[in-house]
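Taking it in order: structure first as structure tokens, then the write-up.
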Amino acid sequence: MPPGARARVRAELTREIADVARRHLASDGAAALSLRAVARELGMASSAVYRYFPSRDDLLTALIVDAYDALGEAAERADAACPPDDLRGRFRATCRAARDWALAHPHEYALVYGSPVPGYAAPATTVGPAARVGEVLCRVVARGVATGAVDAAGDEEPVLHPGITERMGLPAGSRSARTAIFAWTALFGMIGFELFGHTHNVVDDHPAFFDRAVDGLADALGLPA
């Protein structure tokens with residue numbers, strides 16, 4: 001078989017394994033994910049699956065990276081569809097895209113933002129994909145600071161890790177960095193509470209509640225109305 005054809009076959013089988021594993025996440029949960037069970041469903045020998053994913057943790061890592069990347073791509077597309085200087089519109093669109101993706105992919109969202117999988121430690125390769133939504137939010141804030149639409153006043157108390165403000169594209173010691181991290185964590189807190197049922201029988205209209213909460217976060221960031 002020509003090298004190109006072998007690569008296509010390998011890519012197709014890798015996708016099939018990942019698709020079956022995602023179904024197992026939905027039915028059994030991440031902690032019960034088994035390469036042998038995935039192999040059985042595909043009609044493959046478990047040794048064949050191990051050629052693609054040497055361990056359960058390797059398969060979990062691939063699923064985690066895929067989930068983060070899919071969520072990040074949804075957020076990036078929503079942001080890119082807005083005019084660059086419509087800061088509040090970009091922020092709203094990014095937050096809504098994250099919520100929409102989570103509601104459409106609850107088991108993948110739970111894999112990355114739910115309970116840790118016993119015995120699994122995420123490798124460094126997950127860090128970049130995990131940061132994608134946060135980076136979109138930071139770019140919105142950084143644009144506001146660069147154009148003067150957002151106040152870049154210094155933080156009265158250094159509570160962030162050294163150098164993190166600069167990595168976010170914001171002035172050193174900027175209070176906006178702390179507020180952006182607050183908005184990022186609040187966003188996923190709201191999504192998780194809704195998705196995992198914590199606000200059921202508390203909130204009657206989740207979309208309206210979410211939109212108003214997002215506007216409150218935009219206010220905290222100083223994004224122009």
Pairs satisfying side-chain hydrogen bond (donor to acceptor under 3.5 Å, both in side chains), at least one member in residues 47-57, at least two apart: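 The answer is Ser55-Asp58.
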
Check: Leu71 main-chain N/O paired with Arg132 side-chain donor or acceptor under 3.5 Å: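 Flag not set: sc Arg132 to bb Leu71 has no pair under 3.5 Å.
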
Arg88 side-chain N/O to Pro224 backbone N/O, donor-acceptor pair under 3.5 Å: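 It does hold such a pair.
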
Using every non-hydrogen atom in the two residues, find where [X] and [Y] come nearest and quote the distance to one decimal.
X	Y	result
Pro123	Thr61	CD-OG1, 3.6 Å
Leu221	Ala183	CD1-CB, 4.1 Å
Ala30	Leu60	CB-CD2, 4.3 Å

Those residues that, when tested against Arg139, pass salt bridge (charged side-chain N to carboxylate O under 4.0 Å, His left out) (two or more places apart):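 Residues passing salt bridge (charged side-chain N to carboxylate O under 4.0 Å, His left out) with Arg139: none at all.
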
Set of salt bridge (charged side-chain N to carboxylate O under 4.0 Å, His left out) partners for Asp28, sequence neighbours left out: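 With neighbours one apart ignored, the set is empty.
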
Side chain to side chain contact (heavy atoms under 4.5 Å, CB included) involving Ala110 - partner list, sequence neighbours excluded: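 Counting only residues at least two positions away or on another chain, Ala110 forms a side chain to side chain contact (heavy atoms under 4.5 Å, CB included) with Phe196.
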
Test side chain to side chain contact (heavy atoms under 4.5 Å, CB included) applied to Asp205 - qualifying residues, sequence neighbours left out: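 Listed in chain order: Pro207, Ala208.
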
Residue of the set Leu13, Thr14, Asp19 for which side-chain contact (heavy atoms from CB on, under 4.5 Å) holds with Glu16: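 That would be Leu13.
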
Following the transitive rule for hydrophobic clusters with a side-chain heavy-atom cut-off under 4.5 Å over Ile, Leu, Val, Met, Phe, Trp and Tyr, establish whether [X] and [Y] coincide in one cluster.
X	Y	value
Val65	Val112	no
Val136	Val214	no
Leu103	Phe193	no

Derivation and outcome, salt bridge (charged side-chain N to carboxylate O under 4.0 Å, His left out), residues Asp211 and Arg96: CA-CA 8 Å; Asp211 283 347; Arg96 286 172 181 163; 3.1 Å; yes

Other residues, nucleotides, ligands: >12 heavy atoms within 6.0 Å of Trp101 CH2: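 Result for CH2/Trp101: enclosed.
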
Between Glu194 and His200, a side-chain donor and acceptor under 3.5 Å: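 On atom types as modelled, these side chains do not qualify, holding no pair under 3.5 Å.
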
Geometric class of the Tyr113/Phe188 ring pair [parallel <30°, tilted 30-60°, perpendicular >60°]: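 Rings of Phe188 and Tyr113: parallel, as their planes differ by under 30°.
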
Within-4.5 Å side-chain heavy-atom neighbours: Leu35 and Ser46: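 SC-SC contact between Leu35 and Ser46 ruled out.
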
Side chains of Asp151 and Ser176 in contact at under 4.5 Å (non-hydrogen atoms):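 Asp151 does not reach Ser176 side chain to side chain.
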
Pair Asp215-Arg92, salt bridge (charged side-chain N to carboxylate O under 4.0 Å, His left out): steps then yes or no: CA-CA 7 Å; Asp215 268 336; Arg92 285 171 173 162; 2.8 Å; yes

Side chain to side chain contact (heavy atoms under 4.5 Å, CB included) between Leu217 and Met190, worked out: CA-CA 12 Å; Leu217 295 175; Met190 284 192 296; 4.0 Å; yes

By side-chain hydrogen bond (donor to acceptor under 3.5 Å, both in side chains) - contacts of His206 (at least two apart):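 side-chain hydrogen bond (donor to acceptor under 3.5 Å, both in side chains) check on His206 returns Thr199.
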
Working for side chain to side chain contact (heavy atoms under 4.5 Å, CB included), residues Arg143 and Leu87: CA-CA 8 Å; Arg143 175 77 174 191; Leu87 303 178; 3.7 Å; yes

